[in-house]
Number of protein chains: 2
Amino acid sequence: MELRTLRYFVAVAEELHFGRAAARLHMSQPPLSRAIKALEAETGAVLLERSSAGVALTPVGAVLLAEARALLDRADTLRVRVAVAAGAAVLTVGLLGDSTDPGVTRLARAFRARHPGVEIHVRETDLTDPTCGLHAGAVDIALTRAPFDETGLTVRELRADPVGALLRADDPQARRESLRLADLAGRRWFRFPDGTDGQWQSYWSGGEEREGPVVRAVQECRQAVLWNGTVGMTLAGHDPGDGLVVVPVSDMAPSRVVLAWREGDGNPLLRSFTQVAAAAYRPCLTPSTKAAQAEASKRRVP
Amino acid sequence: MELRTLRYFVAVAEELHFGRAAARLHMSQPPLSRAIKALEAETGAVLLERSSAGVALTPVGAVLLAEARALLDRADTLRVRVAVAAGAAVLTVGLLGDSTDPGVTRLARAFRARHPGVEIHVRETDLTDPTCGLHAGAVDIALTRAPFDETGLTVRELRADPVGALLRADDPQARRESLRLADLAGRRWFRFPDGTDGQWQSYWSGGEEREGPVVRAVQECRQAVLWNGTVGMTLAGHDPGDGLVVVPVSDMAPSRVVLAWREGDGNPLLRSFTQVAAAAYRPCLTPSTKAAQAEASKRRVP
DNA sequence: GGCCACGATACCGATCGGGTATCGAGGCGG
DNA sequence: CCGCCTCGATACCCGATCGGTATCGTGGCC
C-alpha cells in the first residue's frame, strides 16, 4: 500500500472511469486497472463495482477514498514542512493578467496560513502567454485560462466562465439578448500578437482567422473595441463599463480557469497549492458547469 | 517519496546506524544507504550527518522524522479502518502462559479504543511453544519471551527482565545475594519437554544439558522446585512465594519480552498493534536495558 | 602501522511498473 | 437481430528499479 497506489485509487474513485483516471494520471488504462486490482487483493476487499452502467464505489471503497485523501493530504503537508525546514519553500505563481480573477492573493494568504514559512511569489503576465512562462521555467504554477499548448504540463480546471462578444454600446447588435458566432461574421476582431499560443488565439477568435488590431492586455481589448469599433470575445457577466456591453455568445464553450504546472515538477508546494486552490474554487464548479464539461468532452471525440 | 522510503528513513533515524537499521528492515545495508541518498536528493536537503562518530540527524532530518512517523501512523490507521470496513479486522494474539505479564488485556483494550470495530482474540499457550503457534498459523502475533527460532519471523523487543535461580527457601544457596551459573553445576534442573524450541530450552538451562523433571507451565516449575528440590531459572524481582526464593544470576542475559509476527504477514492490524504495544511498554525499555542490549549484541558477533 | 567498524560504491540479477495490442461483455442503433 | 462501440480486463514485452554480493575508502584505536 504505497502512496502511488492510493493516488491511483483516488483518481479512479473520483472519476469513476478508468480511462479518464488514467488520462489524469498521465498513464494508460491497463496498468491502472492492474494497480487497482492489486490494491483490492492487498486489502482483501472489493473497492469498486464494475458494471456496464459504469464504475461505482463499494462501501469499503468509500472508506478507503476518504482515508486515502486524508493520507495523501498529510503526505503533501509533510513535503511542505520538510521544504520549509530546508529553507526551500518557495513557489512562483504565474498569473494571467486578465484582471478578472480576484482570487490569487486570497489563495496565497490561505496557503501561507496553512503552511507557515512558505514564500509565494506572484508574477503577472499579459495575454500573449497563457502559460505565464511555465514552459520557460519562469514560474512553477500558472493560474490562467485554457486553452493552450498543454504538452509537458498538467492542467486542472478550477472554474468555467461563460463568454460573450464585447461590443460598443452603440453597436447595432448591442441590444441583443444573445448572439451566435455567425452573427459576427465579417466584423473586424481584435487579435493577439504573432507568437501567441495557437490554441488560445483560436479560442478567442471563435475558431476562425480574423482581421483587426493587435492587443496584448485586457485594457487594450477594451480600447480596441471602444476606439476602433472592432469586436472580440470576453468574459460575460461582468460590466465592461465605459460605453461597452457584453452580449453572451451561445455557441462558444465557456472559458476555463485552470491551474497548470510542469508535469513531474518535484516542487513539494505544488500539490498543496493545487489542493488549496481547488478548495477555494470548489463552490465555483457547480453541477451545471460539470455537466457542461461532460457535454463538451463528449462532443470532442466524434 | 513513498511510504517504504519513509519507513527506511525512520529506521535509520531511530537506530542512527545503517547496519542495524538494515537488519531491522530485513535487508542489507547498501540498498538502504542508496534509498536514503535518493530521499535526500528528492527533498534536496541533507537529512543525516554521517561522521566517524556515527550518524546524527540534521534539523531537517528531525522534522522529517517527526512527520514521517505521523504519516506512517496515519497509514497504519488507514489500513485498520479499511479492514474494519471490510469486516476483516480480526487479530489473534498468542500469549505465553508465564503469567508474569499483566499487559495483554490492557493492550487489547487500548487497541480497541484506538480502532473501534476490531476484534482481538487471545490464545494462551504453555511454555513449550514460545512462539505460541506463530509458525503453525494459529495466531497472528505473539507476546512472548525470547529466544526462539526466529526464521521467518519479525521480532521486536518490548522489555528485558533480569532472571535468577528459583530455589527452595531452605536451599543452602538461598541466602546468597547473587549466584553465577557455575554455582549451580551438578544440580538437578527442571527441563521442558522434547520438541520445545531449542534456543528456548538452551536459554533457560543456562546453555548446558541438564538432568531433572520435565515441566510445561510456570506452576509446574514451582512445584518441581518445591517438591523435588531441583533448581531452575525464572524471572527475578518477583516474590515466588510458597517457600521459594529467587536469587539473581549475574552471568545470564536478561529475559526479553518480545512481540513476534510472521515476516510479511499482511494483516493490517499487525503494525498498529505493535505500535500500541511499543507505546505501552516504552517506560519499561530503560536506557540501562538498552545499554545491556547493545552490549549483548556486541558480544554476540565475536 | 595495521586492524576494525561502517558507510559508500560497483555491479548484477530479479522483480515490478508501465506500454501496446487485443480480448470480451454489455449497450445501442440500424 | 446483428454489428458496432465503449470500456474494463488480459497477454505480452521492455526498461527502470530494487535488493543482493563483493569491494572500497576513511577514520578511530590499540
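Order of the sequence lines sets the chain letters (A, B, ...), proteins ahead of strands, with each chain counted from 1.
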Of the listed nucleotides C:dG26, D:dA9, C:dG7, the one nearest the side chain of A:Ser52: C:dG26

Which nucleotide in C:dA21, C:dA10, C:dG7 has an atom nearest any side-chain atom of B:Arg50: C:dG7

Min side-chain heavy-atom separation A:Leu64-A:Leu6 under 4.5 Å: yes

Presence of B:Ser28 side-chain N/O under 4.0 Å of D:dG20 phosphate oxygens OP1/OP2: yes

Nucleotide nearest B:Arg34 when distance is taken to its side chain, options D:dA9, C:dG17, D:dG20: D:dG20

Nearest listed nucleotide, side chain of B:Met27, among C:dG7, D:dG19, D:dT10: D:dG19

Side-chain N,O (A:Lys37) to OP1/OP2 (D:dT10) below 4.0 Å: yes

Donor-acceptor pair present, A:Arg4 side chain and C:dG17 base, under 3.5 Å: no

Nucleotide nearest A:His17 (side chain, heavy atoms from C-beta), chosen from D:dA22, C:dG19, D:dC7: D:dC7

Salt-bridge criterion met for A:Asp73 and B:Arg74 (N-O under 4.0 Å): no

Side-chain ion pair, B:Glu14 and B:Arg156, N-O less than 4.0 Å: no

Under 4.0 angstrom between B:Ser33 side-chain N/O and C:dG7 OP1 or OP2: no

